[in-house]
Amino acid sequence: MTRQVRSSIYGGAVTVADQAEYQRLHSALNAQSAAMASSASRWTQAACTLAAQRERLVWCPAAAQTAEPSVPVHTDQRARIDAARDASDVMARRCRVLADECTQLADLVARAHSLYAEAEMRNTRIVNRAVRAFAVHHPVATGIAVGTLAVAGGIYGWATEESFNWAYASKATAWAHEGVVSGIGAACSGSGGRLASLTDLPGQSINDTAAVASPFLSHVGGMVQGTSLRMRQVDSADMAVGGASGIQDALHDLRRLGQANGAGDDGLAYGTIAISQYRRQDGSQAWLVTIPGTDGQKDSPFGWIQNAELMSASAAQRRDADSARLVVQAMHQAGVQPEDSVALIGHSQGGIVAAALASDYADTYRIEHVVTAGSPIANHPISSNTWVTSVEMDDELVAALDGASNPANDHWVTIRGTVTDGDSDGLCTGRAIDDSDGPYRLTHDLKYHEAALGHALDLGSPAVQQHNDHFRGTIAGDYVGTTYWQGRMAHHTPGED
């Protein structure tokens with residue numbers, strides 16, 4: 001079985017005139033599809049009529065009485081009818097193929113130009129608010145319902161792959177992720193009033209809850225990991241991160257860095273970020289900071305506890321998160337200046353770090369573009385001067401932990417990927433993924449985000465292309481090189497600064 005990732009795009013700058021033109025094109029393709037389908041039906045009807053006429057010739061009494069016994073009855077007529085019937089069948093098939101292609105082209109136009117994005121986002125928000133309200137007032141019933149769906153998904157996975165697979169459980173409950181998470185946040189933060197659950201910002205309670213929990217979690221983290229962040233520059237035998245010519249290159253390098261960190265290859269290890277330098281002809285500099293996700297190691301600044309601090313509604317708590325401190329210190333050590341152009345790209349916790357820096361260090365660094373993959377950042381107060389490109393999978397739980405959909409505006413585009421089964425029919429239906437013959441996996445893996453971004457670029461979306469061009473402009477210049485910075489947490493020792 002072949003698996004593919006298909007993408008839909010939300011947000012971006014599209015003029016009213018362009019939107020109207022895309023709507024006309026979409027309507028024309030749908031109308032042509034209907035016309036071809038109607039023609040196919042008429043050709044099929046003609047073939048049936050000709051087949052019936054042929055049978056009448058065989059049983060025609062007059063023809064049977066006048067024909068010589070040695071000569072087949074109406075042989076020439078039947079041959080001509082057979083040829084006409086076959087031609088009708090061919091035309092019917094061709095018309096059906098053209099109708100299907102027009103339908104698929106209309107779908108591609110709709111997804112590439114976000115024709116249904118506003119309606120889809122409105123419906124998603126309605127569902128999220130309804131689920132949130134139900135979760136706040138009926139938490140036990142919500143837990144039972146979601147648990148039942150998850151078990152049903154797992155059973156389906158068992159029947160499909162003969163083993164329990166959490167990925168199917170996540171897929172079965174994907175529609176409720178944001179609403180349930182938002183409801184949990186509302187209940188924990190005390191903002192779960194009957195009207196509040198329907199009227200306030202659906203995901204803000206998550207950040208409020210994180211703000212309440214962060215001091216306690218930070219204290220626990222300090223006891224377990226220590227509070228002293230120790231950073232050093234490390235070398236890589238094989239450069240995991242090189243010069244990027246666009247978002248796709250940068251996302252691929254982010255995946256390579258995460259793999260190298262996890263496997264301990266190329267002289268790298270967990271808790272390592274990369275900072276790439278670009279130099280322009282006028283002498284100015286640009287930088288790309290590549291930030292991997294949570295690794296969960298005991299002495300890593302990218303642990304589980306840091307996620308709560310980064311999701312906090314408090315800017316001070318976000319700045320105190322160890323992973324954010326590591327990136328800021330590394331940028332300072334690498335030589336990033338306040339006037340330099342900076343782009344940040346991160347996966348999971350790395351994307352939350354990028355959003356936190358864009359929110360809280362806009363006066364310190366000129367952060368022009370942020371790219372995130374599988375990161376819950378909808379509620380971060382990112383500066384309006386910063387462009388945001390978010391890549392998410394529709395059934396990954398991590399990206400839904402903000403309890404809300406991302407903003408959709410001129411400078412914020414969200415690419416949502418969906419994993420589908422089936423072969424490509426040649427009309428850019430999706431990007432194939434490299435585990436097509438293996439078990440279905442949790443889509444938080446970066447290879448799914450890579451495929452989603454690739455398909456969004458294949459669609460020719462003006463919004464995605466505009467973001468890709470802006471990203472290129474942010475890091476425009478000759479690639480100088482990449483430095484790697486590794487962080488470790490330790491307990492403070494007497495006499496240490």
Side-chain angles (χ1 to χ4, degrees), residues 1-9 14 16-68 71-120 122-123 394 417-432 436 455-456 458-462:
M1 179 184 295
T2 299
R3 293 193 184 96
Q4 298 179 345
V5 175
R6 296 179 53 164
S7 295
S8 298
I9 298 100
V14 180
V16 174
D18 286 341
Q19 192 80 352
E21 182 62 30
Y22 300 144
Q23 288 282 8
R24 284 194 292 271
L25 176 59
H26 180 263
S27 298
L29 287 169
N30 277 328
Q32 191 62 41
S33 175
M36 288 295 101
S38 178
S39 295
S41 297
R42 289 196 295 271
W43 280 113
T44 299
Q45 184 178 5
C48 292
T49 301
L50 289 167
Q53 183 65 28
R54 185 185 188 284
E55 293 302 317
R56 288 185 59 203
L57 285 175
V58 173
W59 296 101
C60 178
Q65 293 172 2
T66 58
E68 297 180 10
V71 179
V73 178
H74 290 282
T75 301
D76 292 341
Q77 291 90 330
R78 290 203 303 272
R80 288 195 293 271
I81 290 174
D82 286 342
R85 182 195 61 197
D86 292 343
S88 297
D89 284 336
V90 170
M91 292 301 297
R93 287 195 297 272
R94 289 178 178 175
C95 287
R96 290 192 193 96
V97 169
L98 288 172
D100 290 342
E101 289 183 350
C102 287
T103 298
Q104 293 178 50
L105 285 171
D107 176 64
L108 292 176
V109 169
R111 287 188 292 115
H113 302 290
S114 307
L115 297 186
Y116 301 142
E118 185 175 349
E120 289 173 349
R122 183 169 58 251
N123 292 338
D394 61 356
T418 302
V419 178
T420 61
D421 295 329
D423 296 325
S424 172
D425 59 8
L427 281 179
C428 188
T429 56
R431 275 287 184 104
S436 57
H455 185 231
D458 291 341
L459 287 171
S461 164

Point-to-point distance, once rounded to the nearest 0.5 Å, from SG of Cys102 to CG of Leu98: 6.5 Å
Taking the side chain as every heavy atom from C-beta outward, state whether Val5 and Thr418 have any atom pair closer than 4.5 Å. no
I'd like to know if the side chain of Ser7 pairs up with that of Arg431 as donor and acceptor (distance under 3.5 Å, no hydrogens or angles considered). no
Heavy-atom pair of closest approach, residues Ala92 and Thr44: CB-OG1, 3.4 Å
Begin from the C-alpha positions of Val109 and Leu105 and carry the test side-chain contact (heavy atoms from CB on, under 4.5 Å) through to its verdict. CA-CA 6 Å; Val109 169; Leu105 285 171; 5.5 Å; no
So His113 and Ser461, do their side chains get closer than 4.5 Å, heavy atoms only? no
Has the side chain of Ser41 got a donor or acceptor atom that lies under 3.5 Å from a matching backbone atom of Ala37? yes
May I ask you to say whether Arg111 pairs ionically with Asp107, meaning some side-chain N is under 4.0 Å from a carboxylate O? yes
Contacts of type salt bridge (charged side-chain N to carboxylate O under 4.0 Å, His left out), residue Asp394, not counting sequence neighbours: none
Using every non-hydrogen atom in the two residues, find where Leu50 and Arg85 come nearest and quote the distance to one decimal. CD1-N, 3.6 Å
OG-CD distance between Ser8 and Glu120, expressed to the nearest 0.5 angstrom: 6.0 Å
Of all residues at least two apart in sequence or in a different chain, which pass the salt bridge (charged side-chain N to carboxylate O under 4.0 Å, His left out) check with Asp86? none
Would you call Tyr22 and Ser27 a side-chain contact if the rule is heavy atoms closer than 4.5 Å? no
Enclosure of Gln45 CD (heavy-atom neighbours >12, cutoff 6.0 Å): no
Determine the minimum heavy-atom distance between Leu459 and Ala112, stating which atoms define it. O-CB, 3.5 Å
For Arg6 and Gly430, the nearest pair of non-hydrogen atoms, with its separation, is CG-CA, 4.1 Å
Got Arg96 and Met36 here, is their nearest side-chain heavy-atom distance under 4.5 Å? no
Shortest non-hydrogen pair, Ser39 vs Cys95, comes out as CB-SG, 3.8 Å
Check: Glu101 and Val97 side chains under 4.5 Å, non-hydrogen atoms: yes
Distance, nearest 0.5 Å, that separates CH2 of Trp43 from CZ of Arg94: 10.5 Å
Leu115 versus Gln23: any side-chain heavy-atom pair under 4.5 Å? yes
